[in-house]
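Some notes on the structure that comes next.
All residue numbers refer to positions in the sequence shown, counting from 1.
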Amino acid sequence: QRRRLSIAEKLIHMPTVLILDEPTSGLDSSSSFTICQLLNDLARNHRRTVILTIHQPRLEIFRLFDDLLLLGTGGYQAYFGDAQGASKFFEDNEVTSNGVEFKNYENPADALIDLLEENRSAPSSQYMQEEGHEGQGDDDHDNNGAISQLQDVWESSCEYKALLRVLASLRIGPNDGDGEGEAQEEEEEEGNRGAGWVNQTWILFSRRFERLMSNAYGRIINYAQVCLVTIVICDAFTYATYQNDAFTPAYQATMTLFLVSSYAMITQYLVFVPEYFEERQVVWRERKGGFLKIESYVLAGLVAETPEAILTGILVLGVSYLYCDLNADRGYARFAFVILLIGLSAWQSLIQLLSMMSDSIGVVYTLTFMILGVGTLYGGLTINYSYIPWYFVWAYYISVPALTYRALIFNDLYCCKYTATCEEFQHAMLGLYTPVNLDGGEDMSTATCPSQLQESGTNNPTNMGPAYLAYMNIGQPTKYRALIAMAMMITLFRILAMLVLWAREWAQQNLREEHRDRVLEKFSQLELHRADQGAADRKLGNRN
């Protein structure tokens, strides 16, 4: 029970990699099997990498292993590969199988351990050369025959060479090996070039995506919540309107798109800000060790976050179009999805930039919420552009939330769902539903109509979308300008995130060097003080 408890303590934070040193030591065979079953379940069903050392596993435990690393005396590698294929490797090799008959063993693990024991008394020829013991142990070598050369046989096998090629293709760090000869150096350099930032990006993307999807139940709950909140927003703006109401349907669509797009932005920073802080320590360690390129990390964030933007966009707009009376023309509906997708991706890029700027999650939340709030308030909808204070005008032009909801509103209203006659428009403007003359004077039935309605005639319905947009100061090219601007922001914010990481790394390096210099200076001063004290003691001794 204590052993399982110690493993459970390590799993509180659900680490990606779990390394265990003899987890079955001191346990009976039944308890050992239970522990190994737990670890196997973590690896297969929870997608965790489990690495453990074990001695003399029973057959049922051995069958749970995916890969096996055999180490001989002195730590040399005798085999690494498929656990169930280890016996076949040694059986097929006539040199190493001499003296050990695998067919006589029910448990392959016992045969492998006996094979290593047989090889124990005589080290391999490579070991003899490296340690300078040529000519020693020849009798042992002869007595044990071919099985005393497990390391040499393994390193000359096709399996070992294939393993090296796989490792070279997966290597994401610098080349630390000395190499043996120009051919090996060229091969290693070629392997490193092949790994590059593309492999790093894929590995980092896989790690982030698996972590996001590790809690499938939680993700389903989150997506259900997105749908539910969207339904509540739509329900608030599906109330019935008066007949011939020229403005209320457009107002309902405007507010629906405004609120659902703002809510979609909120869901993104609630998901990704904690993600960046959860992986921060691992990223800095990998960067410090030279195993991580900043550009790969930033690009992996873009790739891993895009599926979230796609799914959120589908859910939010799908529910909105099904539940609300929006412009359901296929072309406009598709373009609305593109707008929201690009907007969410730009917002995710900004979240990454802000997360790289501070080590305090509270500061990042505050900055993100302030930017979202300013963009929502001064984006040109709740406050008309003419009344926005000059120090907040920037929010109208470069705020991602503002650009997103203005583009969505323009796309929905411009053509050609909302129509009205001049009379209907006049009634809506005056808040009346019968023709009126003010103070018995001039007839307002045409004076209050936009020019396009006056041209079409009093009773001919005309598309009112441009008139609504003009009233809100949302011009015709807005959705295309907004789309291009947000696409550029995706690139800009990711590049700025790289620069911030490089700047912080440079600052930390300078701090470490300054600290080291201060320590060396204090050490030098201490040495000088000791030397002076020693000279003074010697001088005093001579006087005495």
Side-chain angles (χ1 to χ4, degrees), residues 13-17 47 170 172-173 195-215 218-219 222-223 264-313 340-361 363-365 367-369 371-372 400-401 404 485-506 508:
H13 300 290
M14 289 302 289
T16 305
V17 179
R47 304 191 64 80
L170 294 177
I172 62 174
W197 62 270
V198 176
N199 275 353
Q200 285 197 35
T201 301
W202 174 253
I203 293 171
L204 293 169
F205 158 74
S206 301
R207 186 171 69 187
R208 166 77 77 84
F209 188 77
E210 287 182 5
R211 188 168 61 251
L212 284 173
M213 295 295 108
S214 60
N215 185 7
R219 301 306 300 165
N222 288 340
Y223 294 137
M265 299 286 177
I266 293 174
T267 63
Q268 300 306 295
Y269 79 74
L270 291 178
V271 170
F272 291 114
V273 171
E275 275 296 315
Y276 281 112
F277 279 85
E278 181 179 343
E279 66 187 9
R280 172 155 299 180
Q281 295 301 322
V282 176
V283 170
W284 282 122
R285 285 198 300 268
E286 292 175 343
R287 181 63 181 170
K288 185 178 180 181
F291 300 108
L292 178 69
K293 294 181 179 179
I294 288 178
E295 57 270 29
S296 297
Y297 173 65
V298 172
L299 182 58
L302 173 63
V303 177
E305 293 162 7
T306 299
E308 180 73 16
I310 294 174
L311 189 53
T312 302
L340 187 57
L341 173 60
I342 299 299
L344 290 177
S345 185
W347 182 244
Q348 292 169 350
S349 301
L350 179 59
I351 291 171
Q352 184 183 53
L353 172 60
L354 297 176
S355 299
M356 299 302 104
M357 294 173 63
S358 175
D359 289 328
S360 171
I361 192 171
V363 171
V364 175
Y365 271 132
L367 290 174
T368 307
F369 186 76
I371 293 174
L372 178 61
V400 174
T404 302
M486 290 188 295
M488 294 174 63
M489 287 179 183
I490 295 173
T491 304
L492 176 63
F493 291 148
R494 299 289 178 175
I495 292 175
L496 290 176
M498 295 182 199
L499 295 177
V500 168
L501 285 174
W502 278 319
R504 294 190 62 183
E505 185 180 45
W506 175 79
Q508 290 178 0

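The side-chain heavy atoms of R494 and L299, taken from C-beta on, include no pair separated by under 4.5 Å. In this structure, I371 and W347 have side chains that are in contact, with non-hydrogen atoms separated by less than 4.5 Å.
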TODO: May I have the step-by-step check of side-chain contact (heavy atoms from CB on, under 4.5 Å) for L501 and V298, ending in yes or no?
DONE: CA-CA 10 Å; L501 285 174; V298 172; 4.2 Å; yes
- [ ] Test side-chain contact (heavy atoms from CB on, under 4.5 Å) on R207 and V282 and set out the steps.
- [x] CA-CA 12 Å; R207 186 171 69 187; V282 176; 3.9 Å; yes
Open item on the list: What verdict does the side-chain contact (heavy atoms from CB on, under 4.5 Å) test give for T404 and M486, after you've listed the backbone C-alpha separation in whole Å, the side-chain angles of each residue and the deciding distance to 0.1 Å?
Closed with: CA-CA 8 Å; T404 302; M486 290 188 295; 3.2 Å; yes
- [ ] For side-chain contact (heavy atoms from CB on, under 4.5 Å), just list the numbers for M356 and R504, CA-CA rounded to whole Å, side-chain angles, deciding distance to a tenth of an Å, and then say yes or no.
- [x] CA-CA 9 Å; M356 299 302 104; R504 294 190 62 183; 5.6 Å; no
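Counting non-hydrogen atoms of other residues, nucleotides and ligands closer than 6.0 Å to CZ of F277 gives a total above 12. The environment of W202 atom CH2 is sparse: at most 12 non-hydrogen atoms of other residues, nucleotides or ligands sit within 6.0 angstrom. Heavy-atom contacts from other residues, nucleotides or ligands closer than 6.0 Å to CE of M498 number more than 12.
Closest heavy-atom contact between S355 and V364: OG-CG1, 3.8 Å. In plain terms, the two heavy atoms of I361 and V273 that are nearest each other are CG1-CG1, 3.7 Å. When all heavy atoms are compared, the tightest approach of I342 to A487 is CG2-N, 3.8 Å. Nearest heavy-atom pair, A309 versus L341, reported as atom, atom and distance to 0.1 Å: CB-CD1, 3.8 Å. Minimum heavy-atom separation, L372 to P401: CD1-CG, 3.5 Å. The two residues A346 and M489 come nearest to each other via the heavy atoms CB-CB, 4.4 Å.
Judged by distance alone, the side chain of T267 and the main-chain N or O of A264 form a donor-acceptor pair under 3.5 Å. Between the side chain of S349 and the backbone N or O of S345 there is at least one donor-acceptor pair closer than 3.5 Å. In terms of modelled atom types and a separation under 3.5 Å, the side chain of Q352 and the main chain of G301 share no donor-acceptor contact. In this structure a side-chain-to-backbone donor-acceptor pair under 3.5 Å is missing from R208 to E305.
For the atom pair CD of E279 and CG of L204, the computed distance is 8.0 Å after rounding to the nearest 0.5 Å. The distance from atom CD of Q200 to atom CD1 of I294, rounded to the nearest 0.5 Å, is 11.0 Å. For the atom pair CD1 (I310) and CG (L344), the distance works out to 10.5 Å, reported to the nearest 0.5 Å. For the atom pair CD of E286 and OH of Y297, the computed distance is 10.0 Å after rounding to the nearest 0.5 Å. Between the CH2 atom in W502 and the CZ atom in R287 there is a gap of 8.0 Å [rounded to 0.5 Å]. With rounding to the nearest 0.5 angstrom, the CG atom of L270 is 6.0 Å from the OH atom of Y365.
Q508 pairs by the side chain to side chain donor-acceptor pair (under 3.5 Å) definition with nothing, not counting sequence neighbours.
Looking at Y276 and R280, their side chains never bring a donor and an acceptor atom within 3.5 Å of each other.
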